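Each remark here refers to the structure printed beneath this line.
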Amino acid sequence: MLQYGNMKEKAYPFDKIEPKWRKYWNKNKFFEVNVKNFAKKYYCLVMFPYPSAALHVGHGRNYIIGDVVARYKMMHGFNVLTPIGWDAFGLPAENAAIKNNIHPKKSTLDNIKTMKRQIDSWGVCYDWPREVTSCLPDYYKWTQWIFLKLLEKGLAYKKKAFVNWCPSCNTTLANEQVIDGKCERCETPVKQKDLEQWFFRITDYADKLLNDMNGLPGWPERVKVMQKNWIGRSTGVNIHFPIADSDKMLTCFTTRVDTIFGATYMVLAPEHPGLEALIKDAKNKSEIFKFIEEAKNESRIKRSAVDAEKKGMFTGRYVINPVNNRKIPLWVANYVLMEYGTGAVMAVPAHDQRDFEFAGKHNLPIEVVIDDPKFSLDAEIMKQAYVKNGVMVNSGQFNGMPNREAMERIAGFMEKEKIGKRSVHYRLRDWLISRQRYWGAPIPVIYCDKCGVVPLPEKALPVLLPEKVKFKPRGESPLKDSKEFVNTRCPKCKGSAHRETDTMDTFVDSSWYYLRYISPKSKSKPFDKRDVDKWLPVDQYIGGVEHAILHLLYSRFITKVLHDSGFIGFDEPFRNLFTQGMIIKNGAKMSKSKGNVVSPDELIKKYGADTVRLYTLFIGPPEKDAEWSDRGVEGAYRFLARVWRMVEITSNSGLPGNDGKALRRKTHRTIKKVTGDMEKGFGFNTAIASVMELVNEIYAASLKKETSKSALKEAVKTVVLLLSPFVPHLAEELWGKLGEKPSILKQAWPSYDKGLVVEEILTIPIQINGKLRSKIDVPPGISDEALKEKVLADEKVKKYLGDVTLKLIIIPNRLVNIVIPK
RNA sequence: GCCGGAGUGGCGGAAUUGGCAGACGCCCAAGAUUUAAAAUCUUGUGGCCCGAUAGGGCCGUGCCGGUUCAAAUCCGGCCUCCGGCACCA
């Protein structure tokens, strides 16, 4: 076993050098940027943390990656903006505060202190004077301002609706915060509650949010796909069905208008608003009502489960299929959702599996209208719906057409005859932003008996969150208790009024913070348009994939709204996005409850920050999840100690007679490899591996004295420069030891000599029938003829070659394959 | 069910316009050093087999097939795992 931890002496004095350099960077303000200087700007942003508890090494991955990118860009002469802040409002902080009986403001600010210390101890540097804290009035004033801007635009509205309610958190939730029918925070099954709530009209931007992803090549495919799924665009036709014995219509949405001739019944959602009037004269009215009430009261998870029982009932009414005037029965069923489409569905049992099952159970007719080109379908003996493409049958004038073509024709026909209209529907719902909780930004409107809902004027902002409140949640906003807060005057008529007591979803706070960093101190506006337009979009955004939908979709939405209102000149906030993988311990995500949290504090004490950084970067491709290994950390430490000793070992090595070319080649190839890995993006693990190779070579050359002094010096300096974004403290210290002036941050990234990266002698593998049989050394650029001669003269090759005609495949500078015909 | 990603030694992982599979690190073993150990330095390290050694052979990138002089990589058909969506009409 390795005994580093018990040693009296450290393998290298990281405990001395690390605090020294952190102080130095801080004092010299290397990470503080002047936003007016945007000539060669680079905005490097990490998702701002939630100050709920101490950080673990998994969190560190995010900050370390960001720090490496910032330092690397700085060495390329970029003016790098790398800010940080705190997503400080919200449930976890509040819940912890309740549990420990401490005011959330205090616990949040305490947590921030701890996290600041930890971030600093990693050697991760930020532009600290730009720090923002979303729970402080100078920030949330502008969150409230954004709400007012949306309200002005008609993009914030209040409506009574069935909303997601978490009985444990005692608040409503946005659709995006409900995962498998459960609260994303506490996993309590979510209930439906009929409440009047504030929404943001994100659905107005559904198309833009979807289409504009085409302009984001710097985003990971998986994130774009997730957003695409979430938005859930489907195109089809809204078809109007006249109701029999009535002058009214029912409209349904379908994506399969080609199956319209096979519609043999129609089904309404239990919540359908027209339902009550339709059944008021039914004989079994009370029975139908009972069914509807039961269906409505079914829990959402139960009702939306794929294998849930499909229950339905005939309403006694009929509708007319507008393409063939056939009278078809109207049903109500639990599987039709009011939230999607029109809440009415045309049922085509022959070509929809769900309808097929329902028709079978309730004895409804099945009519084939798309035939299988391979063998004719027969409704009598079908075992399942035919959902593939085929040829139109029983469909009047459209018979004989391929169904895909008929789809377009029928849609056109319906629009001409005014019986239907092409239509687009989305899965995306409007964003519910009201929360019945204490720890959030108050919604800046008041209710006046005379004037109704009145938005507060900008000069009345911020609406301060009162501090002396019993903040324990109980189903209504705790702010209702504060008479001082609630009772106010109407800004319009000056009459008595009361304030909105709900607070905003935390995701509103985090949907615009990247703009505030540009003008964090501005008292007169949320941000300076000129500066923001220079610095955004963010050049590189880095964060966890868990925000693929929530935060990233909301931020894009808010950016688009601000753009359309003329407040900013760009409509996508993040040009490049990198989502790092999770760090796993013992096969599971690190969490307090599982007891597998690896704290950076002890590790940094034992091995130093540079070791923790290096291991975090070397653990694997940063976009993938990775298992934390204590052995791996020791390996990283051993390597850094080896680099430390390298400077001593090489200082008096090298032979005057040696030209050092071999080492110089390796040095320059390493510069090329590391630069390539960094430029292609986030290839830290392979970049570090290639520096390790160079270090191994330096040791070998130095110990055998098979190189020159100058080549060694160049190699050693290169190692220090290439490692400096990864292990900045060690790099600064060694840079000084090599007789150079600090800071290494001000050094240019090394460039390589093209002449030195090409090989002097190439080792060419020789295959015979695709199997490796020999290798020969040749000069690069050797002619095919000369190469062939050399290959055929090779002893090993000769063994395999009989007296046969053969063919040589020559891939210049790479490989030779000899083909012997069988 | 639909969509996206992945599957390579004992382990983390390298290698992609098809061209030496296993870089680098971990683990493990041996040697040097040491009174001894740790640390350090050096060497070895995919599996099976032939060989005293030098050396050589066969197999091998989830599975089955195909294309090709040549496949981890391309094509067809599967399997497994991870993630997203899903009674969405």
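Throughout, protein chains are lettered first and strands after them, A, B, ... in sequence-line order, and every chain is numbered starting at 1. Just so we're clear, the structure is a prediction, and the values are computed from it rather than from any experiment.
With hydrogens and angles ignored, the 3.5 Å screen pairs a side-chain donor or acceptor of Arg665(A) with a backbone N or O of Val758(A).
In this structure, the NZ atom of Lys388(A) is 16 Å from the C1' atom of C2(B), given to the nearest Å. Atom CD1 of Ile549(A) is separated from atom C1' of G4(B) by 12 Å (rounded to the nearest Å).
Atom-to-atom distance recorded for Leu364(A):CG and Thr264(A):OG1 is 6.0 Å, nearest 0.5 angstrom.
Nucleotide A6(B) is matched to U80(B) when pairs are restricted to Watson-Crick or G-U wobble geometry with both distances under 3.5 angstrom.
Side-chain nitrogen and oxygen atoms of Arg638(A) include at least one within less than 4.0 Å of the OP1 or OP2 phosphate oxygen of C26(B). At the phosphate of A39(B), neither OP1 nor OP2 sits under 4.0 Å from any side-chain N or O atom of Arg645(A).
Aromatic ring pairs are classed by plane angle as parallel below 30°, tilted from 30° to 60° and perpendicular above 60°; the pair Phe726(A) and Phe684(A) is perpendicular.
Comparing the C1' positions of U73(B) and G62(B) gives an interatomic distance of 15 Å, to the nearest angstrom. For the P atom pair drawn from C59(B) and C64(B), the interatomic distance equals 14 Å after rounding to whole Å.
Side-chain contact check for Thr259(A) and His351(A): no donor-acceptor pair (N or O, by modelled atom type) lies under 3.5 Å.
Under the side-chain contact (heavy atoms from CB on, under 4.5 Å) criterion, Lys589(A) pairs with Met582(A), sequence neighbours left out.
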Short heteroatom pairs, N/O only, protein and nucleotides 8-15 of chain B, under 3.5 Å:
residue	atom	partner	partner atom	Å
G12(B)	O2'	Ile619(A)	O	2.8
A14(B)	OP1	Asn685(A)	ND2	3.0

